[in-house]
Number of protein chains: 4
Amino acid sequence: MFKDDQHLTEKQKGILAAATELFAEKGYAATSTSEIAKKAGVAEGTIFRHYKSKKDLLLTIVSPTMIKVISPMVKKDINKVLDKEYDTFQDFLRAMIANRITFVKKNTSLLRIFIQELPFHEELKKQVIEQIGKDVLERLREVIRHYQGKGQIIEMHPDTIIRVAAASTLSYILAKYVVFPEVDWDEEAEIERMIQILSDGIAVKNSD
Amino acid sequence: MFKDDQHLTEKQKGILAAATELFAEKGYAATSTSEIAKKAGVAEGTIFRHYKSKKDLLLTIVSPTMIKVISPMVKKDINKVLDKEYDTFQDFLRAMIANRITFVKKNTSLLRIFIQELPFHEELKKQVIEQIGKDVLERLREVIRHYQGKGQIIEMHPDTIIRVAAASTLSYILAKYVVFPEVDWDEEAEIERMIQILSDGIAVKNSD
Amino acid sequence: MFKDDQHLTEKQKGILAAATELFAEKGYAATSTSEIAKKAGVAEGTIFRHYKSKKDLLLTIVSPTMIKVISPMVKKDINKVLDKEYDTFQDFLRAMIANRITFVKKNTSLLRIFIQELPFHEELKKQVIEQIGKDVLERLREVIRHYQGKGQIIEMHPDTIIRVAAASTLSYILAKYVVFPEVDWDEEAEIERMIQILSDGIAVKNSD
Amino acid sequence: MFKDDQHLTEKQKGILAAATELFAEKGYAATSTSEIAKKAGVAEGTIFRHYKSKKDLLLTIVSPTMIKVISPMVKKDINKVLDKEYDTFQDFLRAMIANRITFVKKNTSLLRIFIQELPFHEELKKQVIEQIGKDVLERLREVIRHYQGKGQIIEMHPDTIIRVAAASTLSYILAKYVVFPEVDWDEEAEIERMIQILSDGIAVKNSD
DNA sequence: AATGAATGAGGTTTCATTCAT
DNA sequence: AATGAATGAAACCTCATTCAT
């Protein structure tokens with residue numbers, strides 16, 4: 001994840017990777033800098049040459065800068081879906097969910113840290129909400145309007161539809177992959193039914 | 001919360017309450033026993049007279065025993081909704097959501113701890129899932145079947161419907177009250193639309 | 001020095017004594033808390049139970065509170081001289097110098113710390129100057145006026161006389177006992193001549 | 001100060017200057033080599049290319065070699081006063097004090113380091129005392145004898161007179177410019193009175 | 001000569017836990 | 001039961017020094 005970013009030395013990348021993994025696994029407060037150093041294969045002092053403090057290390061992983069590195073990845077990733085033209089909103093939903101699942105699977109550690117540490121860092125929370133929010137929201141609105149234009153989705157403020165759909169799908173995905181990764185649900189079927197229900201709720205009712 | 005429970009002394013209740021609040025606020029690992037002692041108004045040593053270790057204190061708060069104390073409260077609480085007869089499934093949903101919001105508001109601290117600490121305690125996770133799951137699930141199934149019997153809900157395995165509805169509503173509530181308590185949404189309207197969409201997705205389509 | 005002060009435990013007194021000695025000997029920054037702990041015969045953690053930080057330990061030794069403990073000692077000490085009636089101002093000077101030498105000899109460590117660390121602690125400097133200054137200065141003024149009244153000292157503002165006499169004698173004493181304790185001067189004779197010169201400079205010239 | 005000295009490169013002079021300033025400001029032990037490097041505008045490693053260790057850097061600043069660099073400056077400086085012929089010993093004293101004040105003002109940092117670090121370096125102390133002592137003392141003796149020859153100063157061993165006068169004036173100057181630079185005294189008047197008293201103490205009494 | 005990343009010993013500080021009172 | 005001083009292991013962090021470039 002941190003491989004091609006900027007001009008980081010191998011050691012720095014190693015430290016970031018080790019810290020990310022350990023923070024995700026055990027939580028920030030329960031991870032010691034000596035563990036990080038050992039896992040990264042560097043001396044403990046080396047960590048502090050690059051990051052003023054343990055907290056600074058966390059913020060670097062999770063900071064605006066990092067978000068700026070990730071956010072484009074996210075957007076580019078999402079755009080793969082947004083740029084395609086789907087016949088029905090259901091198809092779009094299905095593709096979107098598949099896409100998000102892939103993303104979550106690839107970034108479980110980072111997301112876990114976000115979920116775990118966000119509550120303790122007010123400023124960060126706001127930044128995340130704004131940054132990710134604004135960037136992605138506008139694109140999604142376009143999509144909703146697009147399918148509304150095609151007469152496939154009920155006329156309702158796009159934000160509301162996004163919110164309900166996103167709340168349902170994202171929280172479903174997060175719950176499944178980040179919070180309870182070991183619980184075994186029948187994914188395929190489950191998702192299909194979720195799509196069914198959601199799109200039924202959102203779709204224009206022919207005969208109404 | 002710990003007031004009428006069992007045979008706890010005042011000090012013990014104070015310790016549990018202080019610990020719960022601090023764990024929720026700062027996280028388990030970032031809370032020191034001396035802080036707990038100060039907040040509870042007892043000496044540091046006193047904590048260890050009642051709880052073998054700090055971890056023991058956490059487990060007590062979050063443990064099966066505690067769940068058994070809380071679970072009945074939860075069930076009793078939920079039953080207020082389940083026991084009533086609602087004309088439509090929509091009414092039921094609305095009441096249920098209102099009921100859950102009240103519950104979450106009253107138990108924010110405890111829920112926050114669950115969310116924060118569950119990932120780090122495998123055994124606990126299973127217990128919570130089973131305990132709460134079994135107890136409540138069966139009742140909910142009955143409700144779904146009830147409204148299916150009345151022809152208001154599509155014929156689909158109750159668990160699926162519950163999962164989708166619960167995932168949407170609960171994660172909505174948790175996000176709103178526990179994870180992002182300071183973000184200001186237009187609650188009333190938002191919930192109403194969510195209900196709309198959900199029940200539309202779940203409801204039997206007249207004209208189909 | 002810290003024996004009968006307040007309600008300190010034996011350990012605390014030991015820590016203060018050890019720290020005072022080591023700070024004086026090697027300087028504050030060059031003294032490690034582990035050295036202090038070892039010398040005081042306590043665990044390192046014990047130091048931090050009583051003093052928030054190493055700096056706090058220094059400030060305690062050298063602080064207003066400490067000054068308040070020492071200042072009375074100083075004043076009481078000085079008063080032994082001030083309260084007596086001396087025939088000539090020379091006799092007074094002689095007694096005063098002997099008295100200060102005794103004091104300096106008894107508090108070499110503490111004074112050394114003051115001299116070493118004062119330059120780095122602005123606030124402290126002011127406090128020391130004010131505290132000691134005010135308390136003692138007024139008494140000394142009285143003495144000067146007293147001998148001026150007897151016609152033994154030239155009419156000049158008491159403060160100036162005090163400043164010259166004090167600067168000469170005190171800095172002589174400090175240099176001799178604190179800064180260069182190992183240089184071997186012929187004390188008796190040296191002091192006697194100093195008194196000679198000073199009192200000659202200050203005394204009323206008979207034949208003028 | 002280190003500008004025209006010897007064959008030092010620009011970098012070396014920069015390091016010495018930065019170190020001198022910082023040692024004076026914060027003390028030797030509290031100054032880090034990285035601070036020195038930053039202030040001098042060189043890499044950390046560069047310091048150790050020129051000076052074996054941090055201690056070596058201090059010793060270079062404060063060492064016999066340095067003293068040999070400074071001592072001539074001091075002597076040359078003092079000689080400006082010694083070489084002139086003054087009508088009265090008072091005039092000489094006045095010129096001498098002015099000269100010393102100029103010197104102290106120009107070398108505050110270095111003097112501060114001497115005062116701060118001397119107590120912790122026995123050998124150094126001896127060297128300073130000998131070096132500066134011998135060089136300057138003989139010249140001063142001549143001066144005293146000179147004014148004794150003119151019948152202006154009492155017959156007393158020159159060293160004693162020097163010691164009293166020097167102790168008074170130097171310690172006055174040091175206190176004023178190095179130890180308590182921010183306290184605001186009325187310099188002119190204060191010095192004049194000091195000269196008055198000292199010379200009265202030392203002068204030959206006409207009418208005795 | 002100069003750099004600055006890397007080191008690791010050691011510094012300060014925190015904290016869960018024990019124990020004499 | 002309750003206290004809180006004491007502990008010591010381990011946490012976070014600093015820094016003089018080395019070394020490959």
Check your understanding: To the nearest Å, how far apart are A:Glu10 CD and F:dA20 C1'?
Key -> 16 Å
**Study point:** Complementary nucleotide for E:dT7 - Watson-Crick or wobble, under 3.5 Å
**Key:** F:dA16
Review point. Which comes earlier along DNA chain F counting from the 5' end, the contact point of D:Thr33 or that of C:Val42, where each point is its nearest nucleotide?
Key: C:Val42
Revision key, fill the gap. DNA chain E nearest-nucleotide lookup for B:Ala29 and A:Gly41: closer to the 5′ end is A:Gly41
Study note, to complete from the structure: Between B:Thr46 and D:Lys54, whichever has its closest DNA chain F nucleotide further toward 5' is B:Thr46
Exercise for review: Please check if the side chain of B:Tyr28 supplies one atom and the backbone of B:Lys55 the other of a donor-acceptor pair under 3.5 Å.
Suggested key: yes
Review point. Where each residue is assigned the nucleotide of DNA chain E containing its nearest heavy atom, which of B:Ala30 and A:Gly45 is assigned the position nearer the 5′ end?
Key: A:Gly45
Check your understanding: With respect to the side chain of B:Ala43, which nucleotide from F:dA2, F:dT3, F:dA5 is positioned closest?
Key -> F:dT3
Study note, to complete from the structure: F:dA10 -> Watson-Crick or G-U wobble partner, both distances under 3.5 Å, gives E:dT13
**Study point:** Value in whole Å for how far the P atom of E:dA16 lies from NE2 of B:His50
**Key:** 18 Å
Check your understanding: Are D:Lys11 and E:dT3 close enough that a side-chain N or O sits under 4.0 Å from OP1 or OP2?
Key -> yes
Review point. Which part of the nucleic acid does B:Ser32 contact within heavy-atom distance under 4.0 Å: base, sugar-phosphate only, or nothing?
Key: sugar-phosphate
**Study point:** Value in whole Å for how far the P atom of F:dA11 lies from CD of A:Glu35
**Key:** 7 Å
Review point. How close or far is atom C1' of F:dC15 from atom NZ of D:Lys26, stated in whole angstroms?
Key: 12 Å
Review point. Does any nucleotide pair with F:dA1 by Watson-Crick or G-U wobble geometry, both distances under 3.5 Å, and what is it?
Key: none
Exercise for review: Measure the shortest side-chain to side-chain distance between D:Leu58 and D:Phe23 over non-hydrogen atoms and say whether it is less than 4.5 angstrom.
Suggested key: yes
Check your understanding: Over how many whole Å does the gap from C:Ile15 atom CD1 to E:dT13 atom P extend?
Key -> 14 Å
Exercise for review: Please report, rounded to the nearest Å, how far the P atom of E:dT12 is from the CD atom of C:Glu44.
Suggested key: 7 Å
Check your understanding: Just how far is it from atom NZ of B:Lys38 to atom OG of B:Ser32, taken to the nearest 0.5 Å?
Key -> 8.0 Å
Practice item. Taking only the side-chain nitrogens and oxygens of C:Arg49, find out if one of them lies under 4.0 Å from OP1 or OP2 of F:dA5. Key: yes
Point to revise | Spacing of D:Ile47 atom CD1 relative to F:dC15 atom C1', expressed in whole Å | key: 12 Å
**Study point:** Check: B:Thr20 side chain, B:Leu16 main-chain N or O, donor-acceptor pair, under 3.5 Å
**Key:** yes
Point to revise | cation_pi(C:Lys54, C:Phe48) dist<6.0 Å, angle<=45 | key: no
Practice item. Mind calculating the distance between OH (C:Tyr51) and C1' (E:dT13) to the nearest angstrom? Key: 17 Å
